[in-house]
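Throughout, protein chains are lettered first and strands after them, A, B, ... in sequence-line order, and every chain is numbered starting at 1. The figures that follow rest on heavy atoms only: side chains count, while hydrogens, waters and symmetry mates do not.
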2 protein chains.
Amino acid sequence: MRRTLRARQQLFMEGDEQTHVYLVKTGAVCLYRMLRNGRRQVVGFKLPGDFIALGADPHYRCYAEAIGPTELRSFQTWAFHAAAALNARFMLRLYEAVGRDLTRSQEQAVSVGKRDADGSVAAFLLSVAGRLLPGEGRGTMSLPMSRADIADYLGLSLETVSRVFTGFKRLGFISLRGRRGVQLMDRAALRAVADAGGDNGAPARLLN
Amino acid sequence: MRRTLRARQQLFMEGDEQTHVYLVKTGAVCLYRMLRNGRRQVVGFKLPGDFIALGADPHYRCYAEAIGPTELRSFQTWAFHAAAALNARFMLRLYEAVGRDLTRSQEQAVSVGKRDADGSVAAFLLSVAGRLLPGEGRGTMSLPMSRADIADYLGLSLETVSRVFTGFKRLGFISLRGRRGVQLMDRAALRAVADAGGDNGAPARLLN
DNA sequence: CGATTCGTTGATCGGGGTCAAAAACGGTGG
DNA sequence: CCACCGTTTTTGACCCCGATCAACGAATCG
């Protein structure tokens, strides 16, 4: 089934019975958990080509809401699982997809736990670029998510994210166009900042 | 195959070709990633009954090392996948297991990103107790992992973890016996501390 | 065009990191 | 059982990164 969402429209809530699996066609979806004190931890961004709500849990484990206008393809969970059980190749695809989600989540844990603000944002930009842009050179992308979304994903405040963005711009690592446009000018420098992770003046070029 | 590890013995390293999947029989295994400045982020603890290295990635995405003396059962990855391709039921089990790992990793991100030090440690103690102890009342457990392991899992310094432990002891929330023994004296208080800066009151399952 | 949301910049402050050292633990061997 | 020693944990003092509070600027939209 097709499904179209407006900006900030909710797809499902944490604790809801899992009825559907979704595939993002265009736009972007933000997965998050709400905290008792009103705070929010973003646990993932879903971009075109990504599946939402994989895993065989009977309940959704987070909230899902469209960041901007978004088109989805939805599948009934039971039918999805039935198809997977009949097609080993398809099942393997799903297995791989969840594995990628897990790897990305662990990478997020590294950013939140062990990198400083600069390192977190640098790693984030590279990660998103890897998903939104084809090549490895300079490329301009339109970040679907706001500064606040990025901050809630990285465990930072939106002010800090903004400061790091302008800092990178001053250093010539990126260039900003309008509200959401970002061009990576120097991936190697970003890579170095991400790898340094927090030690000012660390080598960061020993490997690779 | 059977495999026995001594304390701190490495099972595999990040980037190694994935040759085996493991099942923990006794002991405990610590999964972590390293930054190039020597900082370490623990991404999960594997206890008896847990699988290690699920997901169809051709390379291991983290380091794995025994925390103490540990017994494992190992399977060749290719055989594992072959068996999965032939047995939809088995494949589903793996799919579910990876999904659980993903959920736990996301919950770890929530804890690391949105709780203060007290809340993180409180949630950690409760989640460990949920896995190591049967009941819900007071119970004494022996933490397999060191303060440093806990710190690297929660994105804190080992000194801070130690200070929080001492603080909880002073408040009568826990009592400490020897180096690794912990008795939960007041789960409700710990839960309150965890919820104060924590998530939606959902049962915390931080351990991988 | 206001109006409104989002992003940037500035000033201040505190939680927790860091460095340092003492203390407690747990083996080991006498 | 006790003395010794390496390791882990605890405690203390200091300080910095990033959160917070607060304006201000700048896109988007009706």
Peer 1: If the plane angle is over 60° it's perpendicular, under 30° parallel, otherwise tilted; pick one for B:Y22 and B:F12.
Peer 2: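 Parallel.
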Peer 1: Could you run through nucleotides 3-13 of chain D and give me one letter per nucleotide, 5' to 3': B if any protein heavy atom sits under 4.0 Å from the base, S if only the sugar-phosphate is that close, - if neither?
Peer 2: ----BBSBBBB
Peer 1: Distance check needed: D:dT20 P versus A:D152 CG, whole Å only.
Peer 2: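 Taking atom P of D:dT20 as the reference, CG of A:D152 is at 11 Å.
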Peer 1: Using salt bridge (charged side-chain N to carboxylate O under 4.0 Å, His left out), reason through B:D195 and B:R191 one step at a time and then give a plain yes or no.
Peer 2: CA-CA 6 Å; B:D195 287 343; B:R191 195 152 281 132; 5.8 Å; no
Peer 1: Nearest whole angstrom, please: distance from the P of D:dA19 to the CZ of B:R115.
Peer 2: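 In whole Å, D:dA19 P and B:R115 CZ are 18 Å from each other.
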Peer 1: Taking B:S127 for the side chain and B:F124 for the main chain, is one N or O donor matched with an acceptor at less than 3.5 Å?
Peer 2: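 Such a contact is found between B:S127 side chain and B:F124 backbone.
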Peer 1: Given atom CZ of A:R177 and atom C1' of C:dT8, what is their separation to the nearest angstrom?
Peer 2: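 Value for this atom pair: 20 Å.
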Peer 1: Measure from NZ on A:K114 to C1' on C:dT18 and round the result to the nearest Å.
Peer 2: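 For the pair A:K114 NZ and C:dT18 C1', the rounded distance is 13 Å.
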Peer 1: Could you check how far CG of A:D118 sits from C1' of D:dC16, rounded to whole Å?
Peer 2: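 Rounded to whole Å, this separation is 14 Å.
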Peer 1: Please lay out, stage by stage, how A:D50 and A:R104 fare under the test salt bridge (charged side-chain N to carboxylate O under 4.0 Å, His left out).
Peer 2: CA-CA 13 Å; A:D50 294 334; A:R104 199 173 289 130; 5.1 Å; no
Peer 1: Considering residues at least two apart in sequence or located in another chain, which fulfil the ring-ring contact (aromatic ring centres under 6.0 Å, His included) criterion with A:F75?
Peer 2: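 With neighbours one apart ignored, the set is A:F80.
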Peer 1: For a quick check of understanding: with a heavy-atom distance under 4.0 Å over all strands, which category does B:G155 fall into, base, sugar-phosphate or nothing?
Peer 2: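 Answer is sugar-phosphate: B:G155 comes under 4.0 Å of backbone atoms only.
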Peer 1: Measure the distance from CG on B:D116 to C1' on C:dG17 and round it to the nearest whole Å.
Peer 2: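 Roughly 15 Å, once rounded to whole Å.
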Peer 1: Any chance you could lay out the salt bridge (charged side-chain N to carboxylate O under 4.0 Å, His left out) test for B:R39 and A:D116, step after step, and finish with the verdict?
Peer 2: CA-CA 12 Å; B:R39 288 167 161 261; A:D116 62 7; over 6 Å; no
Peer 1: Round to the nearest Å and state the distance from A:I174 atom CD1 to C:dG7 atom P.
Peer 2: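 To the nearest whole Å, that distance equals 13 Å.
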Peer 1: Can you give me every donor-acceptor pair (side chain of residues 23-34 of chain B, partner residue at least two apart or in another chain, under 3.5 Å) with its distance?
Peer 2:
{"from": "B:T26", "atom 1": "OG1", "to": "B:E71", "atom 2": "N", "distance (Å)": "3.4"}
{"from": "B:T26", "atom 1": "OG1", "to": "B:E71", "atom 2": "OE1", "distance (Å)": "3.0"}
{"from": "B:Y32", "atom 1": "OH", "to": "B:Q10", "atom 2": "NE2", "distance (Å)": "3.1"}
{"from": "B:Y32", "atom 1": "OH", "to": "B:E65", "atom 2": "OE1", "distance (Å)": "3.2"}
{"from": "B:R33", "atom 1": "NE", "to": "B:R61", "atom 2": "O", "distance (Å)": "3.0"}
{"from": "B:R33", "atom 1": "NH1", "to": "A:E107", "atom 2": "OE1", "distance (Å)": "2.5"}
{"from": "B:R33", "atom 1": "NH2", "to": "B:R61", "atom 2": "O", "distance (Å)": "3.4"}

Peer 1: Touch check for A:R39, heavy atoms < 4.0 angstrom, all strands: base, sugar-phosphate only, or nothing?
Peer 2: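 Sugar-phosphate contact only - A:R39 comes under 4.0 Å of backbone atoms but never of a base.
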Peer 1: Would you please name every residue forming a side-chain hydrogen bond (donor to acceptor under 3.5 Å, both in side chains) with B:S146, sequence neighbours left out?
Peer 2: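 side-chain hydrogen bond (donor to acceptor under 3.5 Å, both in side chains) list for B:S146, sorted by chain: B:D149.
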Peer 1: ring-ring contact (aromatic ring centres under 6.0 Å, His included): which pairs involve residues 169-191 of chain B, sequence neighbours left out?
Peer 2: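 Of all non-adjacent pairs touching residues 169-191 of chain B, those that pass ring-ring contact (aromatic ring centres under 6.0 Å, His included) are B:F168-B:F173.
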Peer 1: Taking CZ from A:F168 and P from C:dT8, how many angstroms apart are they, rounded to a whole number?
Peer 2: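 Whole-Å distance recorded here is 13 Å.
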Peer 1: Would you please enumerate the stems DNA chain C participates in, each stem being three or more consecutive Watson-Crick or G-U wobble pairs with both distances under 3.5 Å?
Peer 2: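 So the stems come out as C:1-5 with D:26-30, C:8-30 with D:1-23.
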